[in-house]
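Everything on this sheet refers to the single structure shown next.
Lettering follows sequence order; numbering is per chain, from 1.
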2 protein chains.
Amino acid sequence: MDWSIQEIAKLAGTTSRTLRHYDDIGLLAPTRVAGNGYRHYDERALVRLQRILLLRELGLGLPAIAEVLEGDADEARALGAHLGWLRQEQGRLARQIASVEKTITALEGGERLMADEMFDGFDHTVHQAEVEQRWGAEAYAAGDRWWRGLGEAGQREWKARTAELSRDWIAAAGSGLAPDGAEAQALAKRHVEWLTGVPGTPAAVPGGDVAGYVLGLGEMYVADPRFGANYGGQAGAEFVRDALRSYAEREL
Amino acid sequence: MDWSIQEIAKLAGTTSRTLRHYDDIGLLAPTRVAGNGYRHYDERALVRLQRILLLRELGLGLPAIAEVLEGDADEARALGAHLGWLRQEQGRLARQIASVEKTITALEGGERLMADEMFDGFDHTVHQAEVEQRWGAEAYAAGDRWWRGLGEAGQREWKARTAELSRDWIAAAGSGLAPDGAEAQALAKRHVEWLTGVPGTPAAVPGGDVAGYVLGLGEMYVADPRFGANYGGQAGAEFVRDALRSYAEREL
DNA sequence: CGTAGAACTTGACGTTACGTCAAGGTCAAG
DNA sequence: CTTGACCTTGACGTAACGTCAAGTTCTACG
């Protein structure tokens, strides 16, 4: 009913500094300020805070969030406008990626590719520097150790499992099944279980945001051509995405 | 041989403030500082500045650019690492987009869609707020005026032309043609010419960066499922992208 | 009751790459 | 000498807090 700043921060999964900031900018004032200056919050404040954090996770700016919460702006309209900016950003990134790829290709004919074993089920047509940047150098090293630790037989098994999953996805996508049908959903389940074996993914971390991760993973398979290539081209990636989305919404 | 700060700024297409900033952080010192404090640059400085701006357009940070220019870092490695971060960002965006779409769908069953005519060849399964955010409200209005100005017959013609282009792309992608073959390249040429008719694109603006835009446009067709849908699904989008890339590199 | 440690407070700087005034010197032309 | 055009340094603002720093208050313990 009456929480201190740290208590409500933990309840909502944020920090006390953030709460002070929201107080400063007038986004969320404490319910009550005691004589000693300590901030206190009640459950109404908690609800408001949770809405703020939800919208923030969607990428909205604090001023936009304030407008929505004050009723000055329609939530759906604000999100729709935000969606436009998100897609615009994605386009800008796609443009930069194309240019950077072109530049790298021009600089060197594609040397220094990743170590020839794949590290987590992708292909090896990628630069090691890129991998290290993407997952961090220690993550790469950890994944490398994990991979080596599997041993010869384990690596064969892992590759087989990965390839099998990939084959089954391609087959399912090609046979006109519904992404939310039983067979595709079984595949999605297998996919998520497979992810649990990949170090560094939220699915491998207890308490990780599996649903959100899986939800976005499908979008990434569609967005990044190299991922989609493992699922029978972009057409297959679309199928995988739809199946994963359906699965995530139902089961996770 | 010896330019003032404004002169070199115009030559390189940037501002004097930027040059002062690069001087401040030690990225690009003027060749000579006159007794009155005025900065002067020679052609070696111009070359360095142009390399800086090139790398900056690829999205590298100024510290990373400095390392590359000082020879402390391999350019290809730096770009490869940067590519990893770019893809990571794209994934994050894809995740957010998925979440925002889900939230909007949950909020309202998909009402307030865009006006039923399409404004630039896409479909109308998109919110108006999104369009306005993406291209700006005036751009939307301008496009709207342009569209209305076409008149009944003009709109029919435009739609036919758009649909024809789309059909031809789908047919070409489906018939196993090579993206860099003559037929696909002819399509790419038509595509770029078609873009010239769309207000707001660099292709419609004299002096716009057509090559870069077209290069990235293909990536966007692949990245954004709704674009790809106009080209026979993501598989078709891949083909369009490859054809456009080939065309842009050869002709633009 | 004194005190250590935990929790709280209000500043204030750092982060990215400059844009944008502000206040004031310098230079060429008339 | 005056009027602009061009130059200088200095400093604030940007998004959303993280991270000290210095000082105050609460709680538990001997």
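The two residues B:L86 and B:L58 have their closest heavy-atom pair at CD1-O, 4.4 Å. Residue B:I52 comes nearest to B:I65 through the heavy atom pair O-CD1, 3.7 Å, listed as atom of the first residue, atom of the second, then distance. Considering every non-hydrogen atom in both A:A45 and A:T31, the closest pair reads CB-OG1, 3.8 Å.
OP1 or OP2 of C:dC18 sits under 4.0 Å from a side-chain N or O of B:R56. Taking only side-chain nitrogens and oxygens, A:T18 never comes nearer than 4.0 Å to OP1 or OP2 of D:dA16. Put simply, B:T15 has a side-chain N or O that comes within less than 4.0 Å of OP1 or OP2 on C:dG19. Distances shorter than 4.0 Å separate none of the side-chain N or O atoms of B:S16 from OP1 or OP2 on D:dC7.
When the P atom is used for both D:dG13 and C:dA12, the distance is 13 Å, rounded to whole Å. For D:dC12 and C:dG14, the C1' atoms lie 15 Å apart once the distance is rounded to whole Å.
The interatomic distance linking B:L62 (CG) with C:dT15 (P) rounds to 13 Å, in whole Å. Between B:H21 atom NE2 and C:dT16 atom P the separation is 10 Å, expressed in whole Å. Atom CZ in A:R17 sits roughly 13 Å away from atom C1' in C:dT15 (whole-Å rounding). Here the P atom of nucleotide D:dG10 and the CG atom of B:D23 are 12 Å apart, to the nearest Å. Atom C1' of nucleotide D:dT8 and atom CG of B:D24 are separated by 11 Å, given to the nearest angstrom. In this structure, the CG atom of B:L19 is 10 Å from the P atom of D:dT8, given to the nearest Å. As a whole-Å value, the separation of B:E57 CD from C:dC18 P is 11 Å. Atom P of nucleotide D:dC17 and atom CG of A:L60 are separated by 13 Å, given to the nearest angstrom.
Within 4.0 Å (heavy atoms only), B:S4 reaches sugar-phosphate atoms of the nucleic acid but no base atom.
A heavy-atom distance below 4.0 Å to DNA chain D is reached by these residues of residues 32-53 of chain A, ordered by number: A:N36, A:Y38.
Nearest nucleotide to the side chain of A:I5, out of C:dG19, C:dT9, D:dC17: C:dT9. Ranking C:dC18, D:dT19, D:dC7 by closeness to the B:Q6 side chain, first place goes to D:dC7.
A salt bridge does not link B:E7 to B:R39: none of the charged side-chain nitrogens sits closer than 4.0 Å to a carboxylate oxygen. Salt bridge B:R92/A:E57: absent, no basic N to carboxylate O contact under 4.0 Å.
A:Q96 has its side chain out of reach of B:E89: every pair of non-hydrogen atoms, C-beta onward, lies at least 4.5 Å apart. Residues B:R51 and B:E75 have side chains in contact (heavy-atom distance under 4.5 Å, counting atoms from C-beta outward).
For D:dT9, the base has no donor-acceptor partner in the side chain of B:R20 [N/O atoms by modelled type, under 3.5 angstrom].
Each of B:T14, B:D42, B:L19 was checked for a side-chain contact (heavy atoms from CB on, under 4.5 Å) with B:I8, and the lone residue meeting it is B:L19.
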